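As a basis for the values below, the full set of heavy atoms in this structure was taken, side chains included, without hydrogen atoms, waters or symmetry mates. All ligand and atom numbering here is 1-based and tracks the order in the structure. In this text the structure is predicted, and so the values were computed from the model without any measurement.
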Amino acid sequence: MGAQVRGATRHMAGARARLRESLSAGTYAHSLSVSHEAARWATAFGADPDLARWAGLLHDCAKGLAAEQYLRLAGEAGMEIFAVERASPSVLHQRLGAYWAQERFGVREPTVLAAIRCHTTGARDMDGLARCLFVADWVSPDRTHRGVEVLRTALAQGPAEGFVAVLRAKRDVVCARGLPDHPWARAALDRWISA
Ligand SMILES: [Fe+2]
Ligand SMILES: [Fe+2]
């Protein structure tokens with residue numbers, strides 16, 4: 001285990017260097033912040049802190065592309081593209097990010113890939129790691145959006161409270177912007193928020 005962790009740490013330094021080259025300074029700083037935040041909360045969510053650190057670091061590895069690049073690359077990767085993703089292609093960064101985490105960063109751990117795959121929208125089936133990343137991405141210390149303190153307070157009450165609060169907050173943002181539902185977000189709301 002010790003050797004594994006040491007190896008992973010060296011590998012992580014390499015991943016950080018590659019990310020720093022490919023992401024904007026802001027997204028790179030956000031990725032470090034989410035990595036730290038996810039690791040901090042992992043145990044509370046029943047997740048492995050090392051896997052959470054990886055998921056947080058790489059979750060936005062496909063962020064910052066132009067709309068037509070998202071559509072082209074997702075098509076080349078054989079992904080079915082939902083109507084809302086055609087209207088708002090940047091949402092594809094979650095699925096393309098999972099694909100790149102595997103293809104470009106060599107991640108083989110399925111729970112890390114699954115967490116990255118739905119970190120923006122949520123999904124019907126989310127294990128503790130996926131829920132942890134979903135929350136950490138929205139309340140990490142670099143986040144300054146309106147209402148974030150309320151979400152941090154909910155998370156301090158417990159992981160379930162934090163997760164539901166973030167799901168609801170994201171639903172409200174989508175509503176306020178007049179955007180259509182993403183089918184995975186709708187499934188997450190149906191599954192995780194009763195009544
Ligand atoms: Fe993201
Ligand atoms: Fe993010």
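Note: His11 and Trp54 meet the aromatic proximity criterion, with ring centroids under 6.0 Å apart.
Protein-derived N/O/S atoms nearer than 2.8 Å to the Fe ion (ligand 1) total 3, waters excluded.
Under the side-chain hydrogen bond (donor to acceptor under 3.5 Å, both in side chains) criterion, the residue pairs touching residues 79-91 are Glu85-Arg95, Glu85-His182, with sequence neighbours excluded. Note on residues 17-36: pairs passing ring-ring contact (aromatic ring centres under 6.0 Å, His included), not counting sequence neighbours, are His30-His59. Screening residues 151-162 for side-chain hydrogen bond (donor to acceptor under 3.5 Å, both in side chains), with sequence neighbours left out, gives Glu149-Arg152.
Taking a cutoff of 4.0 Å between a charged side-chain nitrogen and a carboxylate oxygen, Asp190 and Arg186 qualify as a salt bridge. Between Asp125 and Arg191 there is no salt bridge, since no side-chain N of the basic residue sits under 4.0 Å from a carboxylate O of the acidic one.
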